Amino acid sequence: MTNPPLVETRELSVHFGGLKAVNHVNFSVCDGELRCLIGPNGAGKTTFFRLLTGVHAPTSGTVKINGRSIAGLQTHQIAKLGVGIKTQIPSLFDNLSVHENIWLSARRNHGRAAANQIADRVITEEVGLGEYANTEASKLSHGQRQWVELGVVLAQRPKLILLDEPAAGMTGSDMEKTAELIKRINRSSAMIVVEHDMEFIKRIAKTVTVFNRGEVLVESDVDTVLADERVREVYLGKRMGQRHDIGA
Amino acid sequence: MIGSRNYWPIAAAVIAALSAIVVLPAIYDEYSLLQLTIYAILSVLALSLAFIWGYGGILSFGHAVFFGLGAYSYAIGAINFGETTIALLLSMVIPGLFAAALGYFLFYGRISDVYLGAITLTVTLIFFNLASSTSGPEYRVGRVPLGGFNGIPSIPQLNVPGFPDWTLSTTELFALSVATLALVYIGLRLLINSDFGRIVVAIKENEVRAELLGYDARKYKLVTFVIGGAIAGLAGCLFANWGGFTSPAVFALGQSVQIIIWVVVGGVGTLAGPVIGCVLIQWLTNSLASLNTVNNNLIMGGILVVVVLMLPQGLVPTIARLARGRRPVQRLDAATKGLGGASTKSEARA
Amino acid sequence: MSMNRRDFLKTAVISSAAIALSPGVVGNALAATDILVGSIHDLSGGLDAYGKPMQDAMVLAAEEINAAGGLLGRPLKIVTKDPQSSMQQYAQLAQELALRDKVAVLHGGITSASREVIRPIMRKTNTLYFYNTQYEGGVCDRNTFCTGQTPAQNLATAVPDIMGRWGKKIYIVAADYNYGQIVSQWVKKYALENGGNILSIDYFPLDVTEFGPTVQKIQAANPDFVFSALVGGAHLSFYRQWAAAGLKGKIPMASSTFSHGQEHVVLNASESDGILVSGNYFPSIDNPANKAFTGAWAKRFGADYPYITELAAATYQGMHLWAKGVSKAGTLDRTQVLEALESGISFDGPTGRVSIDPATHHCTMDIRLGEVKDKKWSVCETWPQRAPLDTSSVCDLIKSPNENQQFVIKI
Amino acid sequence: MDYLIAVGLEVVSGIASLVLISIGLAVVFGMMKVINLAHGEFLMMGGYATITAANAGVNIWVSILLIAPLVVGLIGLIVERFVIRRLYGRVIDTMLATWGLSLLFIGLATTVFGNTTAGISSPLGPVNIGHVGVSAYKFFIVAVALAVIVALYSLFKLSRFGLVARATMQNAAMSSALGVEPPRVYAATFAIGSALAGLAGGVLAPITGVVPSLGAAFVAKAFITVIGGGSTVLVGTLSASGIFATVNQLASFATTPVIGEVALLGSAIILLRLLPHGITGRFFKGRI
């Protein structure tokens with residue numbers, strides 16, 4: 001027998017009034033995987049992401065992380081299961097320095113003895129922000145703030161990392177660096193990345209799950225998915241027709 | 001900003017307190033000592049809110065509840081037991097326990113923001129109403145009638161633990177109050193500099209992020225709240241000692257407002273600021289009492305409006321900024337200091 | 001490093017500045033010949049309707065004494081403090097008057113709470129203290145003189161008299177604090193002793209303004225009359241809501257507190273006419289001392305002065321009693337003034353003769369029943385020279401001069 | 001039976017008073033997310049405006065229904081211009097500044113009017129329900145509360161100003177792109193809230209009397225009612241007032257006014273624990 005999947009959802013649904021934002025989704029991610037979630041606006045991927053992080057409670061179905069149901073768990077308890085989460089808009093301790101931000105993460109997960117050392121390594125080697133270590137987070141550029149948050153998540157040394165649109169608002173070299181960073185992180189942690197930007201997906205993705213109308217449309221490797229007719233249809237069709245992103 | 005890890009402020013506090021205790025009784029008359037005593041006691045109260053609001057991010061509109069509970073607990077304990085050591089402990093334990101219960105209700109119910117303000121305000125009004133309606137002879141704890149609106153008079157002075165007959169003189173109460181102020185200041189400074197303190201500040205900065213890292217924000221807020229409540233209770237005990245009375249006025253909305261004003265005027269997010277704010281405002285209130293020409297409310301209200309509009313950070317941070325010449329790099333400088341490391345590079349860059 | 005030292009200096013400088021600034025900024029530059037008299041009354045905050053006339057009475061009495069050559073050849077100077085209805089301020093200002101200004105005597109305090117804050121401070125600092133307010137009785141402290149009336153003094157005669165006029169079923173509404181509670185118990189005692197019946201006693205915190213449910217409850221109980229021991233501006237609403245519900249003409253009302261807060265000045269005649277008040281002073285009292293007093297008052301503070309309250313009259317008499325004590329002792333020395341005051345000093349003031357009872361340090365005085373009509377008081381009964389029976393049942397300072405407490409009198 | 005009707009009337013008029021006391025604060029908070037802690041003093045000034053006008057010979061109804069809201073609405077405009085406007089988006093700072101204003105107004109009123117309770121007597125006599133006399137003025141209070149609710153509903157839901165106001169509160173940038181001047185809308189909304197407070201003060205003046213410190217008794221109740229009501233201004237205020245005033249009046253009848261007050265406060269705490277964002281949900285700006 002192999003280990004149970006790191007994340008597993010069974011018949012997961014959440015309904016907001018009459019709207020079936022996520023409907024009977026069966027989904028799993030194993031150790032070391034890098035999974036991208038895509039889909040048109042309103043497909044339910046962000047809502048699904050929030051179900052995984054415990055922000056929304058499911059109407060029915062279960063989410064298991066590391067074999068353990070997260071029903072009723074608080075955010076911090078989910079974090080303690082070894083899940084690192086990066087939200088869409090960078091969420092940092094704005095008035096604290098980069099070092100302090102990352103130290104707080106290392107301190108929680110590795111104790112005070114190791115915290116400084118881990119924080120230093122993450123800052124200088126892994127996210128490459130050494131020269132900003134003592135800069136207040138609020139003073140950094142948007143891209144830098146995204147990387148700091150990646151660093152914060154990294155310093156947890158989680159088994160699983162959930163990233164919500166890590167490349168949002170980035171262009172060119174910033175996006176390049178982010179993609180590199182994600183690949184590097186993936187060497188030690190499994191990842192689920194919700195992303196809009198097809199260009200970015202092409203750079204990082206291995207397996208892709210496509211959402212549409214709250215359900216899983218296709219799940220396959222990136223080239224197959226991109227070649228799939230149905231995916232093109234929902235993507236192009238929906239892009240024009242529907243303007244609201246229900247999940248976000 | 002997370003507190004600095006240098007210990008000069010602590011050394012300064014020790015020296016200031018020791019010299020105050022040694023020198024002032026020699027040069028001031030009894031009246032001035034009593035005045036200084038009340039300033040020191042209320043400064044302890046100011047520190048307790050400075051901690052939970054400025055560092056814990058919890059703005060309670062009913063902070064006076066803990067102060068009042070401390071005063072009443074001490075009064076009831078001291079009159080019942082005769083010896084005051086247990087009463088002194090009670091004055092911290094009971095407000096602390098109440099803070100734990102209230103904090104559990106608030107933080108584990110995920111109540112924050114104006115809703116927290118509304119509930120704490122309501123709680124203090126309930127205490128005020130209940131305490132005010134205990135004037136009947138049936139309301140007594142042990143042999144102490146609660147006294148309703150009139151409160152409890154003739155509260156015994158603290159005695160040296162184990163020596164019921166050695167009650168504190170004016171000078172000794174002064175020394176005790178100043179020492180308490182210094183100790184509370186030092187204790188809070190150490191706490192803020194500790195890992196616990198850094199986490200508390202981080203939760204204030206971004207609660208969601210802290211939770212995502214696995215910190216149970218509710219727990220940290222609760223502990224912060226309990227510490228603040230216990231310190232406020234201690235201030236209440238000293239207050240009951242100073243005046244020898246306590247009345248429901250300690251629970252009044254005005255008392256809670258006053259504490260907030262001290263902190264706002266001095267500077268939220270500092271410890272020295274609220275102490276200075278407290279002393280300034282108290283001194284002003286006192287001076288106005290002898291003037292009889294200008295209405296006190298007029299002045300206090302004016303000060304609060306002007307401070308919020310003109311000095312939104314409060315006196316101490318504003319003065320500190322002016323003293324540093326308002327160079328923008330100084331904020332970075334402060335950030336650097338926060339980590340105890342130096343990085344001249346980042347200064348140059350920003 | 002330089003930053004650290006600067007931090008240190010900053011903290012040190014600020015602390016020392018705070019220490020140095022706080023006390024003694026205001027120096028005292030008074031002529032050594034003035035006799036300082038402390039006056040501490042609420043001149044702002046919720047009780048100033050009570051405090052202001054008392055303060056004015058202090059001034060008037062001092063000016064009269066000064067006009068007559070002062071005391072011991074020295075002029076009086078009133079040192080006025082306004083505690084703003086805050087107990088903490090009461091404590092601070094009483095300390096200041098006693099320790100810094102070293103006043104010869106302190107007059108003041110309105111509520112019992114404020115008196116119990118002031119009294120221990122005065123005793124500790126050996127400063128003579130006069131409390132000039134009607135209160136619930138029981139204070140027993142050789143350093144303190146209470147010149148206002150107490151419940152037994154006032155109600156023993158008034159309650160039976162009012163019952164004779166209106167009937168035996170009484171509904172009591174009272175302020176929810178010590179005074180209201182105790183007065184209600186005295187009313188109850190005298191009512192029961194005279195065959196009366198108390199339907200209910202309702203207590204109201206001092207800040208209650210909404211009496212709708214109470215008005216309905218009283219109607220449902222249908223008493224012969226209502227006895228009110230309500231206090232303060234907020235409770236004024238009761239009389240108004242009572243009249244608005246049309247009960248003014250139906251159920252009569254008596255009170256021991258009405259008029260002390262100038263209630264009848266604020267209410268209009270149709271809301272207040274016919275209310276009976278048992279008390280010690282009404283401006284219409286017909287005796288030479290009162291004529292002189294009201295004349296002097298009008299001259300000093302204007303003929304349109306709202307109302308000279310009982311507390312103001314008591315304060316005025318308190319000042320004169322103290323002055324007589326000092327004159328008799330021939331010195332300001334506290335012990336000798338105390339002895340002089342205990343020697344049976346009395347003063348013929350606007351309320352008639354007031355004499356200090358040596359055993360209780362309370363006063364024997366005339367008690368009256370007044371009726372308000374058109375915002376003016378007429379005196380319908382006078383019971384001369386009533387002794388402070390309640391306090392004297394528990395307090396004897398001649399036997400035990402070291403007594404220092406407020407007794408709760410068993411009613 | 002007569003007594004029960006009288007009790008019922010006390011409850012209804014209690015609800016109406018609470019609605020009047022709170023509605024101005026609810027409008028300002030609900031629409032602008034500004035908590036005006038000087039709200040109680042706005043009531044107090046409405047009371048003084050009414051009494052001063054009535055004593056100067058103005059018709060009592062004009063003083064209550066017109067002069068009080070006008071005067072306080074104007075004061076609101078000034079306050080908005082010089083204080084509130086500088087603090088938009090800073091909820092706590094606004095609360096502190098308005099708290100300062102509250103003290104300032106108390107001081108001003110004390111200086112101008114003195115501290116003695118001022119009042120006018122109730123302009124309507126008693127009416128009898130069976131054998132029980134009640135003040136006819138209570139019916140007037142209920143009528144004013146109803147009129148205010150209808151007027152507010154029409155203003156915000158049916159008028160052009162209401163549409164513009166709600167749009168501005170929800171998205172100022174968008175509506176300014178459409179040619180609306182958000183500052184004007186804010187000022188107008190704050191003035192309306194203030195005027196409502198003034199009206200409440202005017203209406204209550206004959207029954208409570210007016211002292212400079214009058215506001216303190218009301219602001220906490222209004223604050224709790226508004227927070228307890230939640231996001232939707234009218235429904236929230238009505239439902240919270242309904243619950244709190246009923247609890248308060250019934251407890252007062254059964255026991256004492258103190259217990260009534262404590263019951264009100266206690267029910268507020270329980271309500272906020274069960275519904276952490278009030279009866280009608282979390283606050284978003286601009287819902288009426």
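Chain identifiers are assigned alphabetically (A, B, ...) following the order of the sequence lines, protein sequences preceding nucleic acid strands; residue numbering begins at 1 within each chain. From a predicted model like this one, the values you see are computed outputs, not experimental measurements.
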[atom1]-[atom2] distance between [X] and [Y], expressed to the nearest 0.5 angstrom:
X      : Y      : atom1 : atom2 : result
C:Q88  : B:F245 : CD    : CZ    : 7.0 Å
C:L99  : B:T170 : CG    : OG1   : 8.0 Å
C:S86  : B:Q255 : OG    : CD    : 8.0 Å
C:E96  : B:L34  : CD    : CG    : 11.5 Å
C:Q95  : B:Y31  : CD    : OH    : 7.5 Å
B:S154 : C:Q406 : OG    : CD    : 9.0 Å

Side chain to side chain contact (heavy atoms under 4.5 Å, CB included) between B:S135 and C:D176, intermediate numbers included: CA-CA 7 Å; B:S135 48; C:D176 188 5; 2.8 Å; yes

Portion of [X] that has a non-hydrogen atom of chain C nearer than 4.5 angstrom:
X      : result
B:Y139 : neither
B:L42  : side chain
B:S133 : both

Over 12 foreign heavy atoms within 6.0 Å of NZ, C:K217: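 Buried by this count: over 12 neighbours within 6.0 Å.
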
Contacting region of C:S112 [heavy-atom separation from chain B under 4.5 Å]: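 Both backbone and side chain.
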
Non-hydrogen atoms of C:Q181 and B:G136 that approach each other most closely: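 Shortest heavy-atom separation between C:Q181 and B:G136 comes out as NE2-N, 3.3 Å.
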
Test log, rule side chain to side chain contact (heavy atoms under 4.5 Å, CB included), inputs C:E116 and B:N150: CA-CA 8 Å; C:E116 287 308 297; B:N150 286 2; over 6 Å; no

Contact check, side chains of C:Q405 and B:P153, non-hydrogen atoms, under 4.5 Å: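 The answer is no, as the side chains (C-beta and beyond) never meet within the 4.5 Å cut-off.
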
Trace of the side chain to side chain contact (heavy atoms under 4.5 Å, CB included) decision for C:L206 with B:F149: CA-CA 9 Å; C:L206 293 163; B:F149 171 85; 3.3 Å; yes

